[in-house]
Amino acid sequence: MSLADGNALLIHIVKCFRSIVAQFVINYAIHGSWCSADSHGRYIEMNSEHIVGKGVPRKEGRDKVTGRSQYVDDMVLPNMLFGATVRSQLPRGRIRKITFGPGIPWDEFVIVSAKDVPGKNCIALIGNDQPCLANEFVNHPEEPILLLAHSGRHLLPKAVEAVSIEYDPLPAIFTIEESERRSEIVWGDDNIFKTYLIEKGDVDGIWEKAEYIVEGEYTTGAQEQLYIENNGMIAAFDAAQGITVWGSLQCPYYIHKALMALCNLPAEKVRVVQMETGGAFGGKEEYPSMIAAHAALLAIKSGKPVKIIYDRMEDMAATTKRHPSRTRHRTAVSKDGKILGGEIEFTIDGGAYLTLSPVVLSRGAIHAGGPYYWPNVRIRAKAVATNAPPHGAFRGFGAPQSLFAMERHMDRIAQAVGLTLIEIRRRNFLQPGQTTTTEQVVREPIDLGKLLDRALKISDYHLKKQRFANENRNRADKKGMGIAAFLHGAGFTGSGERHLSSIVGVEGCADGSVRVLVSSTEFGQGTKTVLSQIAAEALGLPYEIVSLAQPDTLEVPNSGPTVASRTAMVVGKLVQSAALGIKQTLISSNLLRENYSEYEFRAACERYVSKHGRFRCWSRYDAPSDIFWDDEKYRGEAYAAFAWAVYIAEVTVDLTTYSVSVDDFVALQEVGKVLHPLLAKGQIIGGIAQAIGFALYEKVVWQNGRMQNSQMTNYIIPTSSDLPPIRVFFEELGNVHGAYGAKGIGELPMDGPAPAIVNAVADALGIHFNSIPLLPEDIMDELNMNELAASSQESGVGSTSGGR
């Protein structure tokens, strides 16, 4: 063999090796395991008859890891312009004058103001109080005032800077307490967006029976969703066809509704298409309606397609965050540690406009009592207005805020009564047959005591607690263990699912493949995969022949928003029903026998389509007869099902830097049925990672209503090196209301980590902390205050101090 031939052979071997390695990397990214494929690139079929419960390949996995997925900023249309937003620099004021500065070729720009809105100048959602573009007044920093479009993307920032706006400033308010004082009325008559009252039993009669009355106040801060892909939209307008938008989004029909009102167009002339979406976490639930509206207005005025893509700083500063909250507990407790009843006040900061605050408030209020039995309770919930950008949806949707307070408060109750943190929970856990705070009867055979015991055993809780208690006396850093028990309702609250009346479709195609037709979107959580599994299972077909139609309002029905842990349970159940409709139609048409092969199904579909045309079956949500909610009294079955969990955190507090590290984390949850083990575990790990940020790192720094740390260099999130081993375990009790027994899973892991971690810090230091995020400076201040108090008491000077 010549040297040239040898080199050629070596190069060929290296290329083959690289190809094999690349294929294995792709397989791992898609499957989460080193699986293989046959000679045609098709993944080897599973031996099991069942598809649900198996770790099948992600539907979009290959396209994502090979770069074929198309995100909105990858899309280019002919003659497309680029859009930008001119925003308020003032928290509140009257717009007096707008000036377009020198040095910019303004005649080349498309400029849109409120007077160019063809329909209603609002973002239609729950209420219509939020303008698309501010006209006379601004009510928060970063409020949109003008829109600019130009063919030169890089000229836009200079143009935005060249626009000068003069204001008559008005007094602004920035905190819950300022809003409650009503020194300035910035929304409505009283600064209150929404209130709820939940009452059960006789609260006023319990206080004289109480051996202990335990009070506490707990606060949580705002949190940025920080999805990988920033917000973005493209809009194109045609007088005959109407408006079409493509974008990164969660809820196509939210945008559809908003554009109909804004553009004064009928439903058939508004089209919304979801592109591949790089993360959302609630941050792309309602705000994309605003960006779509801006792109649409520019497209209508220019007659050309317009693309708006936010950079990271604009995305963080201008869009929604998790609602800051304050929760106050006053709890009556018996001598043996049983909760007799209590009062809970749950208040959230909604920012300048209503947006989704009423539904965030609702879920937070309903979850405020945690997984415990309250014979008597009064929950007052309130969302107030401030002059910050509106707060909105974020994974957990109000529950992480109120459950943080509940689980911190349970530790306070344990201390007051003199019981262990375990025993106080065990004595108060909800039992089957008992009722929640909304008087919903617990019909599931849940045993929270058993769940707690399993979590304690997995975490080695008792041995570690004893070891840490001994070691902490002689070590510079301190270690602690913390527990959180909690629940999370799946689906829309109360009568929400009944009002949505969601529809899904399943199509048998001419080639024998199957398409699922839903507006439920994929943004990394596994919608495409799980709904395909459900359809394939219902039809008894290979997973590979099922696909999801791209969410496009001209093509798919309104299956409701992709929020509220409802996709697998509610939408999945409808997909199951529609798929069975396909099967039964073919059988009743004598085109298919009861037991059929894939080949026979394909042939039957082909014959049906050839004879009848398009072959689709639809399923509409029909509320179960035992699910009833009274909207006026705010009482009844709040959710068709709850997921239940016990989380245990192990932490170390470094008393040199005052930093907290989470060393181990055990997450045990009951979720009905795990449809896809790998995706389910990923959802739990991802949620816990996000919640560790909520607990210990992610502080939004506000100044006059504006986020000051709107960059990833100064908005701190946990990195992979900050995360502990996260050990995930499931219990599966099933659920008659969900597809193959599934419950919601996406939001659950956001609820428990923060209280578990802060409880662990309190255990390590013997000091109560009642506010998150818990930063090193907070720990240092509290330790210093306690040392000062101890010193004062030793010197005979009266002093009091308490947890933050």
Side-chain angles (χ1 to χ4, degrees), residues 80-123 129-172 174 184 186 231 233 235 262 290-304 306-319 351-353 387-390 702-708 710-711:
M80 188 171 71
L81 304 179
F82 297 94
T85 311
V86 178
R87 301 181 179 277
S88 168
Q89 300 300 303
L90 202 70
R92 185 167 179 247
R94 181 193 297 268
I95 300 170
R96 197 154 54 86
K97 183 180 179 182
I98 299 175
T99 304
F100 296 90
I104 301 294
W106 292 111
D107 58 327
E108 298 176 7
F109 280 78
V110 180
I111 302 173
V112 167
S113 66
K115 67 179 178 10
D116 294 303
V117 175
K120 297 178 181 178
N121 181 22
C122 69
I123 303 300
D129 63 322
Q130 185 176 20
C132 176
L133 292 169
N135 186 18
E136 184 180 358
F137 294 95
V138 295
N139 287 301
H140 67 83
E142 314 299 338
E143 184 159 13
I145 298 172
L146 295 175
L147 305 171
L148 309 178
H150 193 271
S151 59
R153 190 172 196 167
H154 301 293
L155 184 57
L156 279 168
K158 296 178 182 178
V160 170
E161 288 296 320
V163 177
S164 175
I165 303 176
E166 297 178 29
Y167 307 90
D168 291 326
L170 293 170
F174 304 113
E184 293 294 329
V186 299
N231 271 291
M233 283 287 169
L262 181 85
M290 178 72 79
I291 311 172
H294 292 167
L297 292 175
L298 287 167
I300 290 169
K301 187 164 185 178
S302 67
K304 297 179 179 180
V306 175
K307 176 189 284 188
I308 298 178
I309 305 290
Y310 286 2
D311 64 20
R312 182 63 68 181
M313 185 177 290
E314 182 176 23
D315 200 303
M316 292 180 71
T319 67
Y353 296 111
N387 294 114
W702 299 104
Q703 184 176 341
N704 296 326
R706 173 175 282 108
M707 184 180 184
Q708 296 298 297
S710 57
Q711 300 178 69

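Each residue takes its place number in the sequence, starting with 1.
Contact check for V163 versus L146: side-chain heavy atoms found under the 4.5 Å cut-off. With a 4.5 Å cut-off on side-chain heavy atoms, L90 and P169 count as touching. Counting only heavy atoms from C-beta outward, the side chains of L298 and I308 approach each other to under 4.5 Å. For the pair R87/P144, a side-chain contact is recorded, criterion being any heavy-atom separation below 4.5 Å from C-beta on. Contact annotation: the side chain of P118 approaches that of L297 to within less than 4.5 Å [non-hydrogen atoms, C-beta and beyond]. Considering only heavy atoms from C-beta on, E142 stays 4.5 Å or farther from E314 through its side chain. No side-chain heavy atom of E184 sits under 4.5 Å from any side-chain heavy atom of N387. When side chains are defined from C-beta on, I111 counts as touching F100, because their heavy atoms get closer than 4.5 Å.
Minimum heavy-atom separation, A318 to P389: O-CB, 4.2 Å. In this structure, R706 and P141 approach most closely via the heavy-atom pair NH2-CB, 3.6 Å. Here the closest heavy-atom approach between residue P131 and residue I123 is recorded as O-CG1, 4.4 Å. Scanning all heavy atoms of the two residues, the minimum distance from V110 to S302 falls at CG2-CB, 3.6 Å. Nearest heavy atoms, V160 versus A84: CG2-CB, 3.9 Å. Between L156 and F82, the shortest heavy-atom contact is CD1-O, 3.2 Å.
Going from atom CG of L148 over to atom CG of L81 covers 11.5 Å, rounded to the nearest 0.5 Å. The distance from the CG atom of L133 to the CD atom of E143 is 9.0 Å, given to the nearest 0.5 Å. The OG atom of S113 sits 7.5 Å away from atom CG of N135, with the distance rounded to the nearest 0.5 Å. Interatomic distance, R96 CZ to D168 CG, rounded to the nearest 0.5 Å: 5.0 Å. Between the CD atom of E108 and the NE2 atom of H150 there is a distance of 4.0 Å, given to the nearest 0.5 Å. The CD1 atom of I104 sits 6.0 Å away from the CZ atom of F109 when rounded to the nearest 0.5 Å.
In this structure, K301 places its NZ atom where more than 12 heavy-atom neighbours from other residues, nucleotides or ligands lie under 6.0 Å away.
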Q: For side chain to side chain contact (heavy atoms under 4.5 Å, CB included), just list the numbers for L147 and D116, CA-CA rounded to whole Å, side-chain angles, deciding distance to a tenth of an Å, and then say yes or no.
A: CA-CA 10 Å; L147 305 171; D116 294 303; over 6 Å; no
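Judged by distance alone, the side chain of D315 and the main-chain N or O of N231 form a donor-acceptor pair under 3.5 Å.
Partners of R312 by salt bridge (charged side-chain N to carboxylate O under 4.0 Å, His left out), not counting sequence neighbours: none found.
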